[in-house]
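Take a look at the structure below.
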Amino acid sequence: MQLLNTDNWSPLNRRRLENFKANRRGYYSLWFFLALFLFSLFAELVANDKPLLIYFDGSFYSPISQVYAETEFGGEFETEADYRDEYVVELIEEKGWMLWPLIRYSYDTHNYNLSEPAPSSPTSDNWLGTDDQARDVFARVIYGFRISVLFGLALTIFSSIIGVAVGALQGYYGGKVDLIGQRFIEIWSGLPVLFLLIILSSMIEPSFWWLLGIMLLFSWMGLVDVVRAEFLRARNLEYVRAARALGLNNAGIMFRHILPNAMVATLTFMPFILTGSITTLTSLDFLGFGLPPGSPSLGELISQGKTNLHAPWLGMTAFIVLALMLSLLVFIGEAVRDAFDPRKI
C-alpha cells in the first residue's frame with residue numbers, strides 16, 4: 001500500500017502525476033483500457049463452451065479447470081464430456097445443475113445450430129454474429145484483444161530492454177563502439193522489415209513465441225537514438241565526472257546516474273511502441289503470416305470482413321475494436337508525454 005501512497009513520492013514525481021491527471025483524455029483512457037484488459041484476462045470465465053460450475057449427484061465439478069469424462073455424469077463414452085450436447089445436458093440436469101458463463105462459446109467453438117448459413121448475423125445467442133466457420137465473433141474478439149495486448153506488451157518490454165542497452169553502450173563509450181553501432185543500425189534499419197517478417201514466418205511453423213522472437217529482431221531500434229543522445233549528453237556532466245573520480249565503475253555510472261534520466265524519454269515512447277507492435281501483429285495476421293490458424297486474431301477477423309462483404313458485422317467489429325484499442329493507447333501516450341515534459345514540471 002505504501003507504493004500507492006503519493007505522500008512518500010518525491011515532489012518531482014508528484015508533479016508528474018498531476019500533469020498526467022491534468023490530461024483528462026489520457027487519464028480516463030488509461031482506466032478504460034485497464035478495465036478492458038482486465039476483463040479480457042478472465043476471458044475463460046466470460047466466454048467458454050464449458051460450464052463454470054456443475055453440481056451433480058451431491059458433488060461439485062469445475063470443467064474449466066479439470067477434464068471430466070462423459071461417464072462421470074452417467075454417459076456412455078470415456079472421452080471428455082461435450083457440455084453443449086443435449087444428451088449430456090439432460091444427464092446433468094436430472095441430478096443437478098450447471099452454471100454457465102455469460103457467453104456459452106469459446107474462441108474455437110463452432111455453432112452447429114445456426115438458423116442461416118455462416119457467417120450468420122447477430123442474434124440473442126451470438127451477440128456479434130458468427131464468422132465464416134460458425135464461430136462466435138464476440139468470444140473471438142475477447143480472446144483476440146487479450147492476445148494482442150499481451151503480445152504487444154511482451155514485445156515492447158523486450159525491445160525496450162535491448163534498445164536501451166544498445167543506446168546506453170553507444171552513447172557512453174562513443175568512439176569506435178558508437179561508430180560501428182550506428183553503421184550496423186543504418187544497415188539493419190534499411191532492410192524491408194515487413195517482407196523479411198513474411199519470409200521468416202513462412203519458413204517456420206508460426207507460434208506466439210516464434211513470432212515474438214522474429215519481430216524482436218527489428219523492433220528494438222526505436223529507442224536506440226533517444227537513449228544514445230541522452231548518454232552522449234550526460235557522460236561528461238559534472239556529477240558523472242565526480243562519480244568516476246570517486247572510483248565508481250562504468251556499469252555503476254551508467255545504471256545509477258545516467259540511465260534514470262534516459263528513462264524519462266524512454267517511458268514517453270513506450271505507449272507508441274506498444275501501438276506499433278499491435279498494428280504489426282494485426283497486419284501479419286491479416287496477411288496470413290501471423291499466429292497459427294484458428295487462433296483468436298483481430299487481423300484474421302479483418303481478413304474475414306474483407307472476404308465476406310455480405311457480412312458487414314465482421315469488418316465493423318474488427319474496425320471498432322482496433323480503433324478503440326489504438327486510440328486509447330495513443331491518448332495514454334500523449335498523457336505520459338505531458339507528464340514527463342520538462343516544460344510543464
Side-chain angles (χ1 to χ4, degrees), residues 20 25-44 46 107 139-166 189 193-194 196-198 200-201 206-224 226-227 263 265-292 294-303 317-337:
F20 181 83
R25 183 175 61 185
Y27 179 69
Y28 289 119
S29 295
L30 174 63
W31 285 109
F32 189 36
F33 179 80
L34 289 177
L36 293 176
F37 182 48
L38 289 175
F39 178 77
S40 68
L41 287 179
F42 298 96
E44 285 80 6
V46 178
Y107 68 89
R140 291 186 65 81
V141 164
I142 297 174
Y143 284 88
F145 182 92
R146 179 177 67 179
I147 198 171
S148 296
V149 176
L150 289 177
F151 185 90
L153 287 174
L155 184 60
T156 300
I157 292 172
F158 291 138
S159 61
S160 297
I161 292 174
I162 298 175
V164 169
V166 173
S189 61
V193 177
L194 185 59
L196 287 175
L197 289 174
I198 292 174
L200 292 174
S201 299
S207 66
F208 181 93
W209 295 109
W210 265 113
L211 199 60
L212 180 65
I214 293 173
M215 293 179 62
L216 186 59
L217 293 174
F218 305 97
S219 62
W220 56 270
M221 294 177 287
L223 291 174
V224 172
V226 177
V227 178
M263 288 303 296
T266 302
L267 290 174
T268 60
F269 274 89
M270 288 184 70
F272 302 103
I273 296 175
L274 175 58
T275 302
S277 302
I278 294 175
T279 304
T280 305
L281 176 64
T282 303
S283 302
L284 289 174
D285 287 335
F286 174 78
L287 297 173
F289 297 98
L291 295 172
S295 301
S297 166
L298 298 178
E300 192 255 355
L301 186 60
I302 296 177
S303 178
T317 300
F319 170 77
I320 292 173
V321 172
L322 277 173
L324 177 63
M325 181 196 309
L326 298 179
S327 297
L328 291 176
L329 289 174
V330 170
F331 294 155
I332 295 170
E334 291 177 349
V336 173
R337 181 190 59 196

Which heavy atom of Thr156 sits nearest a heavy atom of Ser160, and at what distance? O-OG, 2.6 Å
According to salt bridge (charged side-chain N to carboxylate O under 4.0 Å, His left out), does anything in residues 140-151 pair up with another residue at least two apart or in another chain? List the pairs. Glu44-Arg146, Asp131-Arg140, Arg140-Glu300
Between Phe269 and Leu223, what is the shortest heavy-atom contact and its length? CB-CD2, 3.6 Å
Please check this pair: side chain of Asp285 against backbone of Leu291, looking for a donor-acceptor N/O pair closer than 3.5 Å. yes
Stepwise side chain to side chain contact (heavy atoms under 4.5 Å, CB included) check, Tyr107 with Ile142: CA-CA 8 Å; Tyr107 68 89; Ile142 297 174; over 6 Å; no
Can you find a pair of side-chain heavy atoms, one from Leu329 and one from Pro271, that are under 4.5 Å apart? no
By side chain to side chain contact (heavy atoms under 4.5 Å, CB included) - contacts of Ile214 (at least two apart): Leu197, Leu200, Ser201, Ile204
One should read off an interatomic distance between Phe218 CZ and Ser189 OG, to the nearest 0.5 angstrom, of 11.0 Å
Return each pair, listed once, that meets side-chain hydrogen bond (donor to acceptor under 3.5 Å, both in side chains) where at least one residue sits in residues 272-281; pairs must be two or more places apart or across chains. none
In terms of ring plane angle, is the pair Phe208 and Phe151 parallel, tilted or perpendicular, where the classes change at 30° and 60°? perpendicular
Taking C-beta and beyond as the side chain, do Leu324 and Leu36 meet within less than 4.5 Å on heavy atoms? yes
Using the test side chain to side chain contact (heavy atoms under 4.5 Å, CB included), find all partners of Leu153 that sit at least two apart in sequence or belong to another chain. Phe37, Val149, Leu274
In terms of heavy-atom contacts, Met215 and Leu281 come closest through CE-N, 4.1 Å
Between OG1 on residue Thr317 and CG on residue Leu298, distance to nearest 0.5 Å: 10.5 Å
Heavy-atom pair with the smallest gap, counting every atom of Phe20 and Gly26: CZ-O, 4.2 Å
Check side chain to side chain contact (heavy atoms under 4.5 Å, CB included) between Ser219 and all other residues, then give those that pass, not counting sequence neighbours. Leu155, Ser159, Leu216
How close do Phe42 and Leu38 get, heavy atom to heavy atom, and via which atoms? CD1-O, 3.0 Å
Reported CZ-to-CG distance for the pair Phe286 and Leu301, which is rounded to 0.5 angstrom: 11.5 Å
Identify the two heavy atoms, one from Val224 and one from Gly163, that lie closest to each other, and give their separation to 0.1 Å. CG2-O, 3.7 Å
Within a radius of less than 6.0 Å around OH of Tyr28, do more than 12 heavy atoms belonging to other residues, nucleotides or ligands occur? no
Does any non-hydrogen side-chain atom of Leu212 lie less than 4.5 Å from one of Trp209? yes
Donor-acceptor contact below 3.5 Å, side chain Ser297 vs main chain Gly299: yes
Suppose we screen for side chain to side chain contact (heavy atoms under 4.5 Å, CB included). Which residues come up paired with Ile320, at least two apart in sequence or across chains? none
Has Phe145 got more than 12 heavy atoms of other residues, nucleotides or ligands less than 6.0 Å from its CZ? yes
When rounded to the nearest 0.5 angstrom, what distance separates CG in Leu217 from CD1 in Ile162? 8.5 Å
Quick one: pull up CG in Leu287 and CD1 in Ile302 and give me the separation to the nearest 0.5 Å. 10.5 Å
